[in-house]
Each structure stands twice: as structure tokens, then as C-alpha cells.
Amino acid sequence: MSSKLFLLLQHIAFLSMILFQLEPRVADSNKIKIRCVDEEREALLTFRQSLVDEYGILSSWGREDGKRDCCKCRGVRCSNTTGHVKVLNLRTSDYEFARRKFLKGTISPALLKLHDLGHLDLSNIDFGGSPVPEFIGSLSKLTYLNLSCCTRSLKIPQTYRKLSGLEYLNPENSNLLSVGSLEWLSHLSSLRHLDLSCVNLTKSSDWFQVVANLHYLKSLVLRSCALPPINPSFIWHFNLSTSIETLDLFDNNLPSSSVYPWFLNLSRNILHLNLAANSLQGPIPEAFQHMVSLRFLALSSNELEGGIPKFFGNMCSLNELYLLNNKLSGQLSELIQNLSSGCTVNSLEGLCLYDNDITGPIPDLGGFSSLKELYLGENSLNGTINKSLNHLFKLETLSLDGNSFTGVISETFFSNMSNLQMLYLANNPLTMKLSHDWVPPFQLKWLSLASCKMGPHFPKWLRTQSQLILLDISNTGISGTVPDWFWDLSIELFFLNLSNNHIKGKLPDLSFLRSDDIVVDISSNHFRG
Ligand SMILES: *[C@@H]1O[C@H](CO)[C@@H](O)[C@H](O)[C@H]1NC(C)=O
Ligand SMILES: *[C@@H]1O[C@H](CO)[C@@H](O)[C@H](O)[C@H]1NC(C)=O
Ligand SMILES: *[C@@H]1O[C@H](CO)[C@@H](O)[C@H](O)[C@H]1NC(C)=O
Ligand SMILES: *[C@@H]1O[C@H](CO)[C@@H](O)[C@H](O)[C@H]1NC(C)=O
Ligand SMILES: *[C@@H]1O[C@H](CO)[C@@H](O)[C@H](O)[C@H]1NC(C)=O
Ligand SMILES: *[C@@H]1O[C@H](CO)[C@@H](O)[C@H](O)[C@H]1NC(C)=O
Ligand SMILES: *[C@@H]1O[C@H](CO)[C@@H](O)[C@H](O)[C@H]1NC(C)=O
Ligand SMILES: *[C@@H]1O[C@H](CO)[C@@H](O)[C@H](O)[C@H]1NC(C)=O
Ligand SMILES: *[C@@H]1O[C@H](CO)[C@@H](O)[C@H](O)[C@H]1NC(C)=O
Ligand SMILES: *[C@@H]1O[C@H](CO)[C@@H](O)[C@H](O)[C@H]1NC(C)=O
């Protein structure tokens, strides 16, 4: 045998060895790659026909080669073993949402062909007020249903003092998806997560009965649903699932008498409770005492009175307590004493008492070592700002604005606050004593010092703050000219207020400022141009 032929044979043997090695692997991966079921692909495409997709969100859906495997389409997930569609999630990303890119249309009954569908998320689709179809109740395997709407606003609100990160009402979307009886939901007895936010449930007088009989429900989210009050005689007849961990009834105008009686049934397992923007009145009820697992509690924008009961000091898991915009009163020192009486002092990361009637000076807060957000703005607090705040080195947000704090704030006050991102000290008779060459330990995003005393020079230390989104240094006694570097800095700004100072000089060309949503107020100065 010539050596050439030998080499060739060897080569073939080698190749076939590789082929034999590869073959089973190819077969294996073929098995894994089950294409989607034809009938379900067609059902999805029919479903898409009832949607208006102006932005090509579903462009990966189709019959063409390369798109045929509907299991790989955007928002679709199939069972690894049967190939049946299990997940349909058409939620758009925050990026798309911020650019107002979402789907419109109606919900097609073609969905019923997806027999194994367990997870259906149609949140942020604009259904233009058309009713929720009852046939969804026939999707018997659903454990997750999300029809939440798109009223989230990513813009900085005009009244920025209502603060970022907090709840604020946004009745921009007045044409809500509507619905009558929720009887159809009762067929989905294995639902674990239900979110019908912004679905108009005014005429769904059976809503409480229906959800109270969904025994596996872990998460119930009904934000801005215009819920009718619950008939008190139902409350005692129907269990609200004891497995509930998340209950969010934000913005429903519910009175205390509709809400408080459930508490006895929720008790120990609830982790996340949002009752903000309802009509709760009177003192914070004792019923919260039993909710020992709470991590998040929001009771903002109600008409609650009095203080924070002492048992709040024993909620060892409480991370966030939002009581913004109520009528709470009492001395802050006593309130803080109540909160410090047990283990809460170690767990609390966010405390919001913004816009209440709380009085007195700030007591020692140094014990709240986990605190990241502290909102004490718009109360009747006074005295000098307690130095113990300096020990809160995790602090990201500090709001003390709209009180009567006096005294001088110097650089040492901030020396431990390297994580600070939002600082609101506006509208206090405070004096800021910060030297020109100060290099702060933080990079702020939001800064409001309006009506504090700060001039006469333009604060040079601002040059170190390259991430500012909001800057309000109006009415702070600044005179002289704005340094050139400042206009470079302000490229990222969405809100700038320099008004009511004595600033001179030529007004720069402001046309370089981004986007049309930005607010700039430079009135009542001595600008030229
Ligand atoms: C399919 O398998 C992948 C990888 O093993 C896994 O991440 C995924 O969760 C599985 N999907 C389903 C629906 O079981
Ligand atoms: C439903 O979708 C909205 C928006 O897409 C989301 O914020 C919310 O957390 C979802 N609800 C549940 C219960 O997952
Ligand atoms: C809800 O629907 C009722 C009529 O069914 C209507 O009067 C009401 O204005 C709607 N509420 C919202 C917030 O759309
Ligand atoms: C209340 O819940 C229990 C178990 O969670 C269940 O056995 C019972 O039937 C429920 N009662 C009503 C009236 O739904
Ligand atoms: C719900 O609370 C009522 C009133 O206390 C009680 O009679 C009922 O047994 C509770 N149901 C459950 C499931 O805890
Ligand atoms: C402190 O706790 C007591 C007992 O719960 C309560 O009556 C009082 O109103 C609380 N005070 C403040 C200021 O929160
Ligand atoms: C800070 O609070 C502690 C405790 O209430 C108090 O003793 C101290 O005087 C306060 N300091 C200032 C400057 O108010
Ligand atoms: C704080 O206000 C109260 C009443 O509003 C007043 O009695 C007290 O003297 C004030 N304290 C300071 C330090 O200004
Ligand atoms: C910064 O925090 C540490 C630890 O809590 C504390 O010892 C120190 O006094 C603080 N610095 C100032 C300037 O208060
Ligand atoms: C700017 O600040 C001034 C004084 O603090 C205030 O009156 C004005 O409303 C502010 N401008 C805007 C657009 O918020």
C-alpha cells in the first residue's frame, strides 16, 4: 500500500471516528431542540393579528425559516419536554417603555389554543379600555396573570418635591381597561400571582369574593382599580388566602372599614403591604401588631393621625416604612423612641415621614445603621440638625426640606455620607458653610438647597458633581457670574432652578440641553442675552 493511500485511509478512519463521536451528540441536541407545536405557532400569529405593533416589538414572530421555532420568539417560552408554550410575556423593557414603545390592541381568543400556558404577562399593552375577555378564565393552567397597565411615569414630576422613588398619582391614563363580574377568575383556582392594576373594577362587586377564594394566591396587586368598597358581610364569610405574601391596593380610595377587617386574616405571612392612596382614617390600627413578617409597608397618602405605635419597634424584618402625606403628629423624638424599642432599628432601610405634622428636633438617629432613605421633609421640625446623622454612612437619600431647621451645615456633616445621591435641605433657615475647594465624598443625582443661605459665591464644589439630574439652588443669595464649567456640567440635567439670585453675566446658549422635558428656571437674576 502506498503511503499516500495509507494516509488517506487513516484520514478517513479518523474522520469517521470524529463523525461517530459527533453523531450521538447531534442527535441529542436535536432532541433538545424541539420545534414549537405548529398549532400553537399559528395561534400565536393569530393572537398577534389583534395587536398593533408599531415598533416591531414582535418582529421575531413569523412563519419564515429562522422564525419558525416560536419557542425562540420574543416573550415565548416552551416546555423543554413537550414543546408546548408555557410562558407568554409581552412586557416591554423599561428602555422601550420610557420611549413610549408598547403594543396596542385587543386580546384574541386564539390564546385558548395554548393549553399549557401557565404564565401570561400582557402588562403595559394599551388595550384602549376594551374589556378583559372572560375566556382568560378557561386557561386553566395559569398560575401567573398580569394585565397591569402603563401608567408608570419615568419623567421627573413637575412638583419634584413629591420626590423620586415615592408613589405619586398619575391619572394620565383615564381610559382604563374595564371589566364586570370577576367570576371568570374563579376558574383559575391555582393562580399564585394576580396583577390587574389599572383594570377598572368599579362594577366588579364580586371581586373580593373571587380573590378570597383563590387559595394559593401569594401576590395580589390591584393598583388604581377603582375598587368598590367591600360589603362587610362578605369579609367574614370568605377567607382571604392565608398564603398571601404581597398585597398591593395602591390608589383605590378604600375606607378603613373596607380594609381593616381583613388584617386578622392576613397576619403572619404577609411580607409586602401597600395601602397607599386610599381613605384610611384615624390612628394606625393595632392590627398591624400581628404582621410580624412585614418587610415593606406603605400607608402613604391617607388620613392617618397620631403617632407610630410602639409595636412597630418589634418588626424585625421591616425594611421600608412609607407614611408620606398623612396627618401624623407628635414629637419626632418620641416617634423614634417607639421605633427604636426593639429590633426594627437594625432592619430599617427606608423611613418616609414626608409631609406630616411631626414636631420637635431630630433626636439621635445613629442607631439606625441600615438606613438608606430618610424623608423627614415638610413637617414642623426645628432646632439644629443632629450630628448623629453623620453616623448613617449607608444613607443615599436625605430629605429635611420644608421644616424650620436652623444653624450651620458644614463639610464635616457630610464626611461619612459617601453613598448620598439625593439631598434635599430646601426651605429651611439653614446656612451652608462649604468651602470652595471642598471635595465632597458623594456624587449627587438630586440636590435641592433652595432658600438656604449659601452665597455670595457660586458654589465651586458643584464642579465635582458630574451626575446631577436635578439642581435647585434658587434663592440662596448667590451673586457674581456662573462659571463656564457649570454649563458643561448641566448637560445631564432635567431640572435646573437658579432663579431669585443676583447672578450676572451673559446667558449661554441653552439649546444644547437635552430633550424637551427639561425644566430650566433662571428668572429674577441679572442675566444678559
Ligand atoms: C428548559 O431548560 C433550560 C436549560 O436547562 C432551563 O433553564 C429552563 O428553565 C427550562 N425551561 C422550562 C420551561 O422548563
Ligand atoms: C406586572 O407587571 C408590572 C409592569 O410590567 C410589574 O411592575 C409588576 O410587578 C407585575 N406584577 C407582578 C405581580 O409580577
Ligand atoms: C370606571 O368605570 C366607571 C363606569 O363603569 C366610570 O364611571 C369610572 O369613571 C371609571 N373609572 C376610571 C378611573 O376610569
Ligand atoms: C377557607 O380556607 C380553608 C383552607 O384554607 C378551606 O378549607 C375552606 O373551604 C375555606 N372557606 C371558604 C368559605 O372558602
Ligand atoms: C378570618 O378572620 C375571621 C375573623 O377573625 C375569622 O373568623 C376567620 O376564621 C379567619 N379566616 C382564616 C382563614 O384565618
Ligand atoms: C408611641 O407609642 C405609643 C404607644 O404605642 C403611642 O400611643 C404614641 O402615639 C407613639 N408616639 C409617637 C410620637 O409616635
Ligand atoms: C442629638 O440627639 C441627642 C439625643 O436626643 C441629644 O442628646 C443631642 O443633644 C442632639 N444634638 C443636637 C445637636 O441636637
Ligand atoms: C421648636 O418649636 C416649638 C413649638 O413649635 C418651640 O416651643 C421650640 O422652642 C422650638 N425649638 C427651637 C429649638 O426652636
Ligand atoms: C463617621 O462615622 C463614624 C462611625 O459611625 C464615627 O465614629 C465618626 O465620628 C463619624 N464622623 C464624623 C465626622 O462624625
Ligand atoms: C424656582 O425657584 C423659585 C424660588 O425658590 C420658585 O418660586 C419657582 O417656582 C421655581 N421654579 C420652578 C420651575 O419650579
Side-chain angles (χ1 to χ4, degrees), residues 126-132 149-151 155-163 169-182 196-205 207 222-229 250-254 277-278 329-334 356-363 376 379-386 400-408 424-430 446-455 470-478 493-503 510 513 517-525 527:
D126 181 358
F127 293 113
S130 63
V132 180
C149 67
C150 48
T151 49
K155 276 196 242 166
I156 293 176
Q158 281 294 349
T159 50
Y160 69 87
R161 288 191 301 113
K162 287 290 171 205
L163 310 174
L169 296 180
N170 181 13
E172 176 186 321
N173 191 348
S174 54
N175 194 16
L176 304 181
L177 189 61
S178 65
V179 79
S181 163
L182 290 187
L196 299 178
S197 298
C198 305
V199 174
N200 187 339
L201 300 180
T202 292
K203 293 202 173 142
S204 313
S205 51
W207 76 270
L222 302 172
R223 299 166 69 96
S224 306
C225 289
L227 289 176
F250 174 77
D251 182 28
N252 280 293
N253 221 22
L254 289 172
N278 280 290
S329 56
Q331 292 278 320
L332 184 63
S333 54
E334 190 191 320
N356 280 286
D357 300 320
I358 299 163
T359 52
I362 301 184
L376 298 175
N379 279 288
S380 306
L381 302 171
N382 63 6
T384 55
I385 293 176
N386 200 303
L400 301 175
D401 47 308
N403 283 292
S404 304
F405 291 118
T406 50
V408 175
Y424 308 86
L425 298 175
N427 304 318
N428 282 295
L430 281 170
W446 296 47
L447 172 63
S448 175
L449 299 173
S451 302
C452 294
K453 223 172 126 210
M454 197 162 63
L470 178 144
L471 178 63
D472 189 344
I473 47 172
S474 61
N475 191 28
T476 49
I478 300 173
L493 284 173
F494 274 87
F495 184 99
L496 171 64
N497 198 339
L498 296 178
S499 75
N500 294 284
N501 284 302
H502 313 285
I503 303 172
L510 292 173
L513 290 170
D517 291 332
I518 56 172
V519 176
V520 176
D521 186 345
I522 52 169
S523 62
S524 299
N525 280 296
F527 282 114

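Every number for a ligand or one of its atoms is a count from 1 in the order of the listing. Every heavy atom of this structure was used, including side-chain atoms; hydrogens, water molecules and symmetry mates were not.
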Heavy atom of protein closer than 4.0 angstrom to atom 7 (O) of ligand 8
no
For atom 13 (C) of ligand 8, the protein heavy atom that lies nearest, with its residue and separation:
Gly383 CA, 3.8 Å
Within the 4.5 Å heavy-atom criterion, are Leu332 and Pro363 side-chain neighbours or not?
yes
Atom of Asn525, atom of His502 and distance for their closest heavy-atom approach
OD1-N, 3.4 Å
So do Trp207 and Leu222 actually touch side chain to side chain, heavy atoms under 4.5 Å?
yes
With side chains defined as the heavy atoms from C-beta onward, is the minimum distance between Phe405 and Leu425 less than 4.5 Å?
no
Phe250 vs Ser197 side-chain heavy atoms within contact, under 4.5 Å:
no
Residue, atom and distance of the protein heavy atom nearest atom 12 (C) of ligand 8 read Asn382 ND2, 3.5 Å
Short list, please: which atoms of ligand 10 are under 4.0 Å from a heavy atom of Asn497?
1 (C), 2 (O), 3 (C), 8 (C), 10 (C), 11 (N), 12 (C), 14 (O)
Would you say Asn200 has any N or O atom under 3.5 Å from an N or O of ligand 3, going by distance alone?
yes
Any atoms of ligand 10 less than 4.0 Å from a non-hydrogen atom of Asn500? List them with their elements.
3 (C), 4 (C)
4.5 Å side-chain heavy-atom contact, Ile358 and Leu381:
yes
List every atom of ligand 3 that sits less than 4.0 Å from any heavy atom of Thr202, numbering the atoms from 1 in the order shown and giving each element.
1 (C)
I need the atoms of ligand 3 closer than 4.0 Å to a non-hydrogen atom of Lys203, numbered in the order shown.
5 (O)
Does any N or O of ligand 10 fall below 3.5 Å from an N or O anywhere on Asn475, backbone included?
no
Does an N or O from Ser474, backbone or side chain, lie closer than 3.5 Å to an N or O of ligand 10?
yes
Partners passing side chain to side chain donor-acceptor pair (under 3.5 Å) against Ser524 (at least two apart in sequence or in another chain):
none
